[in-house]
A.B. asks: 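Can you keep this structure in mind? I'll have questions shortly.
Please read all numbers here as calculations on a predicted model, not as lab measurements.
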Amino acid sequence: MAVHELYSKRQKRANGGFPDVFQYDDIPYGLRVQVVHIVTEVVGSSYASNNNTQVSIAYKNVVESLRREYGVFNLVEISGLKRHLNYYDEIIQFLTDSGTVEHFLDATELLFGYAGRHIRRSGTYLGRSNNERVVDEAISELNLRFKEAGAGYQFVDGQIMRVDSELIHQEAVKPALRLLNTKEYAGAHEEFINAYDHYKAGKNKEALNDCLKAFESTMKAICDKRGWTYQPGDTAKKLIDICFEKGLIPSFWQQQFNSLRSLLESSIPTGRNKVSGHGQGATPQTVPDYLTAYMLHMTASTLVFLTTAEKELP
């Protein structure tokens, strides 16, 4: 099913209502419900499970696998006069009400793993003949919903994986946001947040552009703070030259780590220039997620270095 860029979503993004970068400790209820909608569409519903052997087997396999792994008879508490839930109702309630992130991810991984292994290859499923496309679209939507919710997980190669390593997130992304959250770096802070928002929305070219903007804005802010002269239209290369000239990057680093300048000049600007910042020609270019994630982390690490180094200058 198509993902719509609703008015409320645009307003939320414009007003900073989406979470900063990614978090790992909570699965919002709205995301849980979105996953239920996706699963129901691709695997089937309670009604279908009562009338379709394929659907019943799918939910039975997932539910019984989780029960066995957790060592329980039921995944959810059964109240009232009901003695049991059908497999569909049990897994859906588990997805929406499970108390831990890990349990939600377990169920999601098994459901989409089953879809990838069995439904994708099925000749007909729920009367469909295009199951490979349906499953691929469902997985794409799942990953997009994770991004939109700021949940740092993706379904890749049959498994749920973290988007960032915890080390990079803790040592680069969060410090960058904290260091830039001042009046002097307000522009760079906004651009860095925008880069993550674009990435979560699947707009990778825009994310790379904002990586470069945040990088350049940080160096300009440092120049302003220190009274170093530059021209308004100076590019990243010229700004980097000024930072070296003024000793922002220590001289012994220039000698012992002669690749540092090349890294600063090429990693962020070149990525933007080659695949995002200029005309793409007759064939539209696609910027892959892994490249965008790398550039975001590289930007964060570089901004932490620059702002911390500035504080250490006499």
A.B. asks: Please walk me through it: do V72 and L66 pass side chain to side chain contact (heavy atoms under 4.5 Å, CB included)?
C.D. replies: CA-CA 8 Å; V72 298; L66 290 172; over 6 Å; no
A.B. asks: Look at the side-chain heavy atoms of Ile, Leu, Val, Met, Phe, Trp and Tyr, link any pair under 4.5 Å apart, and say whether L144 and V33 land in one connected group.
C.D. replies: no
A.B. asks: Go through the structure and list residues passing side chain to side chain contact (heavy atoms under 4.5 Å, CB included) with T182, not counting sequence neighbours.
C.D. replies: E184, Y185
A.B. asks: Should V39 and I57 be regarded as members of a common hydrophobic cluster, given that ILVMFWY residues are connected when their side-chain heavy atoms come within less than 4.5 Å of each other, either directly or indirectly?
C.D. replies: yes
A.B. asks: Tell me, please, which residues at least two apart from E90 pass side chain to side chain contact (heavy atoms under 4.5 Å, CB included).
C.D. replies: V63, R67, N74, L75, V76, L85
A.B. asks: Which residues satisfy the side chain to side chain donor-acceptor pair (under 3.5 Å) test with D106, sequence neighbours excluded?
C.D. replies: Y70
A.B. asks: Which pairs of donor and acceptor atoms, one on a side chain in residues 107-119, lie under 3.5 Å apart (sequence neighbours left out)?
C.D. replies:
from: T108; atom 1: OG1; to: F104; atom 2: O; distance (Å): 2.9
from: E109; atom 1: OE2; to: I160; atom 2: N; distance (Å): 2.7
from: R117; atom 1: NH1; to: G113; atom 2: O; distance (Å): 3.3

A.B. asks: Under the side chain to side chain donor-acceptor pair (under 3.5 Å) test, which residues partner E190, sequence neighbours left out?
C.D. replies: none
A.B. asks: Going by side chain to side chain contact (heavy atoms under 4.5 Å, CB included), name the residues that satisfy it together with T124, two or more places apart in sequence or in a different chain.
C.D. replies: none
A.B. asks: When you compare the side chain of T302 with that of T218, does any pair of heavy atoms fall below 4.5 Å?
C.D. replies: no
A.B. asks: State the CG-NE2 distance between N194 and H189, to the nearest 0.5 angstrom.
C.D. replies: 10.5 Å
A.B. asks: How far does CD1 of I222 sit from OG of S217, to the nearest 0.5 angstrom?
C.D. replies: 11.0 Å
A.B. asks: If you look at every heavy atom in V43 and A58, which pair is closest and at what distance?
C.D. replies: CG1-CB, 3.8 Å
A.B. asks: Quick check: closest heavy atoms across A214 and F192, and the distance to 0.1 Å?
C.D. replies: CB-N, 3.9 Å
A.B. asks: Rounded to the nearest 0.5 Å, how far does CD of E41 lie from NE2 of H37?
C.D. replies: 10.5 Å
A.B. asks: Is F215 close to L306 at the side-chain level, that is, under 4.5 Å between some pair of heavy atoms?
C.D. replies: yes
A.B. asks: Please confirm whether Y153 and Y24 have ring centers closer than 6.0 angstrom.
C.D. replies: yes
A.B. asks: Could you check R145 against E141 for salt bridge (charged side-chain N to carboxylate O under 4.0 Å, His left out), going step by step and ending with a plain yes or no?
C.D. replies: CA-CA 6 Å; R145 297 303 184 186; E141 183 180 350; 3.2 Å; yes
A.B. asks: Can you check whether M219 reaches I242 side chain to side chain, under 4.5 Å on heavy atoms?
C.D. replies: no
A.B. asks: Give me the atom names and distance for the closest heavy-atom approach of Q23 to P28.
C.D. replies: NE2-CD, 4.4 Å
A.B. asks: Identify the two heavy atoms, one from A149 and one from L31, that lie closest to each other, and give their separation to 0.1 Å.
C.D. replies: CB-CD2, 3.9 Å
A.B. asks: So, the side chain of K238 versus the backbone of Q231: is there a donor-acceptor pair under 3.5 Å, distance only?
C.D. replies: no
A.B. asks: Looking at every non-hydrogen atom in both residues, tell me the closest pair between V42 and Y125 and how far apart they are.
C.D. replies: O-CE2, 3.7 Å
A.B. asks: Keeping to residues at least two apart or across chains, list the salt bridge (Lys or Arg N to Asp or Glu O under 4.0 Å) pairs with something in residues 296-314.
C.D. replies: K225-E310, R226-E310
A.B. asks: Any pair with a residue in residues 119-131 that passes salt bridge (Lys or Arg N to Asp or Glu O under 4.0 Å), sequence neighbours left out, goes on the list, sorted by first then second residue, please.
C.D. replies: R120-D136
A.B. asks: One thing to verify: whether R133 and E137 come together as a salt bridge, which I'm taking to mean a side-chain N less than 4.0 angstrom from a carboxylate O.
C.D. replies: yes
A.B. asks: Nearest 0.5 Å please: distance from the CG atom of L303 over to the OG1 atom of T308.
C.D. replies: 10.0 Å
A.B. asks: Go through the structure and list residues passing side chain to side chain donor-acceptor pair (under 3.5 Å) with K60, not counting sequence neighbours.
C.D. replies: E64
A.B. asks: Mind checking what makes side chain to side chain donor-acceptor pair (under 3.5 Å) contact with D224, not counting sequence neighbours?
C.D. replies: Y230
A.B. asks: For a quick test of reading the model, state the closest non-hydrogen atom pair linking Q154 to N143 and the distance between them.
C.D. replies: NE2-O, 2.8 Å
A.B. asks: Taking side chain to side chain contact (heavy atoms under 4.5 Å, CB included) as the definition, give me every residue that meets it alongside V36, ordered by chain and number, with sequence neighbours left out.
C.D. replies: T40, I92, L95, T96
A.B. asks: Among Ile, Leu, Val, Met, Phe, Trp and Tyr joined by side-chain contacts under 4.5 Å, find the other residues sharing a cluster with F73 and list them by chain and number.
C.D. replies: none
A.B. asks: So, taking the atom named CG in L296 and the one named CG in D210, what distance separates them when rounded to the nearest 0.5 Å?
C.D. replies: 9.5 Å
A.B. asks: Between NZ of K147 and NZ of K203, what distance do you get to the nearest 0.5 Å?
C.D. replies: 12.0 Å
